[in-house]
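By convention here, the first residue in the shown sequence is residue 1. As the structure lists them, so they are numbered: ligands from 1, and atoms in each ligand from 1.
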Amino acid sequence: MSAIDLHARASKDFEHKLAETQTLLIRAASQFAPITQASSLGAEDVVITHLINSLQLDIPVFVLDTGMLHAQTLELLARTQSSSRAPVNVYRPVQESVIQFVQREGKDAMYKSIGLRKACCHIRKVEPLERALAGQRAWITGLRREQSNARAEVPLIDTSAERTKFNPLANWSWGDVWHYIDANDVDYNPLHDEFYPSIGCAPCTRAISLGEDFRAGRWWWEDEAAKECGLHVKNIESKEEISV
Ligand code: SF4
C-alpha cells in the first residue's frame, strides 16, 4: 500500500487552505525577495516546490546534502534538479570538518551522546544552512503544526527572528499534503511508501509503526524534548538554529 493510499484525505476546507497557501507564496515572492525555499525533499517540501513551479514564482530552492542521505533521497534530488523550473541549489558540509569529526569521534558518534549528535548536525546541517541563507531576506519551510507538540504553534509567517520565515503549510494536515501529491502527481521520496513519514539522514531516520508519533522515526534513541534542536527551533541568542 502506498503512502497515497494510506494518507491522501483532504480536509473539508482544503480548497481554502490551498488558496491561502498560494496567496502567501505569491506575497512572499513579491514582497520579501531575496527569498528561498529550504527543502529536505520530504512530502511537505515537494508540495511547496511544486506550488512554486506551478505559480512560476521567482523562488530558488536549496537542499542540504549532509553526505548521509538515503540513496532514494539523492535520486529524488537529481530528478528534482532536472524537472524544476526554479533553480535547485545544493549545499554540502565543509569536507575537512567532516573528516576531522569522524576521525576524532567515530562514524557512529551521533548515537553516543546528544552533544555529539548536535555537533554532527552542526557540521553537516547548521553551518551549510547558514551559507544557504546568507544574503536572503526570508525563507520558506514545510513546517506544519500537526507534526509534533513542539511545532503546535507554528505561525504562517514567523517574524521572531531577523530573517522572516514563511511556513505556508502550517495549517495543512498530513492528509492534505498527500491529497495534493496525489491530485497533482507530484514526485516524492519512495521511502514514504515504507513508513518513513519524516526523512533525514540515513543513520538518524527509521520507519515507524502504526500509531507511533509522526517524528518517532527521527533520533528515536533520544528524549522527545531533545529532538527539536535542529534546523527549526528558535535560539534565544537570535541565531537561527536548525533541525531538519
Ligand atoms: S541527522 Fe544524524 S547524521 Fe545527520 S547531521 Fe544530524 S547527527 Fe549527523
Side-chain angles (χ1 to χ4, degrees), residues 36-46 61-78 80 88-134 139 141-144 147-151 154 165 188-192 194-208 212-235 237 239-244:
T36 184
Q37 183 207 349
S39 173
S40 69
L41 298 164
E44 291 89 351
D45 295 329
V46 297
V61 180
F62 75 85
V63 174
L64 303 181
D65 176 1
T66 62
M68 298 294 241
L69 300 179
H70 297 86
Q72 294 92 328
T73 307
L74 293 172
E75 285 158 15
L76 177 59
L77 172 59
T80 307
V88 179
N89 304 307
V90 179
Y91 288 83
R92 296 185 171 88
V94 175
Q95 238 2 65
E96 192 54 32
S97 304
V98 171
I99 291 167
Q100 285 179 8
F101 180 78
V102 172
Q103 276 176 349
R104 198 172 60 242
E105 309 295 351
K107 271 199 321 202
D108 298 333
M110 68 286 288
Y111 302 127
K112 293 180 186 167
S113 72
I114 290 177
L116 285 175
R117 196 272 282 173
K118 288 186 181 179
C120 183
C121 281
H122 187 87
I123 291 167
R124 294 182 184 275
K125 293 179 174 180
V126 178
E127 188 281 327
L129 177 76
E130 286 172 357
R131 269 186 278 129
L133 291 180
W139 58 314
T141 83
L143 294 185
R144 292 183 303 108
Q147 282 167 337
S148 70
N149 287 341
R151 296 181 177 182
V154 164
K165 181 156 72 171
Y188 66 88
N189 194 326
L191 286 172
H192 287 303
E194 297 174 31
F195 303 101
Y196 285 73
S198 176
I199 302 167
C201 295
C204 300
T205 308
R206 67 164 170 81
I208 64 167
E212 272 195 300
D213 183 73
F214 189 86
R215 283 178 69 80
R218 303 294 295 279
W219 305 302
W220 60 92
W221 63 94
E222 292 182 0
D223 284 348
E224 192 58 34
K227 288 186 182 180
E228 282 290 353
C229 60
L231 300 184
H232 291 297
V233 172
K234 267 171 281 155
N235 180 326
E237 288 161 6
K239 207 168 159 202
E240 284 147 335
E241 195 179 343
I242 51 177
S243 124
V244 195

A.B. asks: Suppose I only count heavy atoms of R124 and a 4.0 Å limit; which atoms of ligand 1 are within that range?
C.D. replies: 5 (S), 8 (Fe)

A.B. asks: Mark yes when over 12 heavy atoms from residues, nucleotides or ligands other than K112 sit less than 6.0 Å from its NZ; otherwise mark no.
C.D. replies: yes

A.B. asks: Check each atom of ligand 1 against the heavy atoms of C204 and keep those under 4.0 Å away; list them by number with element.
C.D. replies: 1 (S), 2 (Fe), 3 (S), 7 (S)

A.B. asks: Which of the atoms in ligand 1, numbered in the order shown and given with their element, are less than 4.0 Å from a heavy-atom of M110?
C.D. replies: 3 (S), 7 (S)

A.B. asks: A side-chain contact here means heavy atoms from C-beta on lying under 4.5 Å apart; do L41 and I199 qualify?
C.D. replies: no

A.B. asks: Going by heavy atoms in the side chains, are R124 and M110 under 4.5 Å from each other?
C.D. replies: no

A.B. asks: Which is closest to atom 6 (Fe) of ligand 1 by heavy-atom distance: C201, C121, G67, A109?
C.D. replies: C121

A.B. asks: Any idea which part of R117 is under 4.0 Å from ligand 1, heavy-atom wise: side chain, backbone, both or neither?
C.D. replies: both

A.B. asks: Run the numbers for me: atoms of ligand 1, each under 4.0 Å from some heavy atom of K125, listed by number.
C.D. replies: 1 (S)

A.B. asks: Any donor-acceptor pair under 3.5 Å linking the side chain of R131 with the backbone of R92?
C.D. replies: yes

A.B. asks: So, using ring pair (Phe, Tyr, Trp, His ring centres under 6.0 Å) as the criterion, who are the partners of F101 when residues are at least two apart?
C.D. replies: none

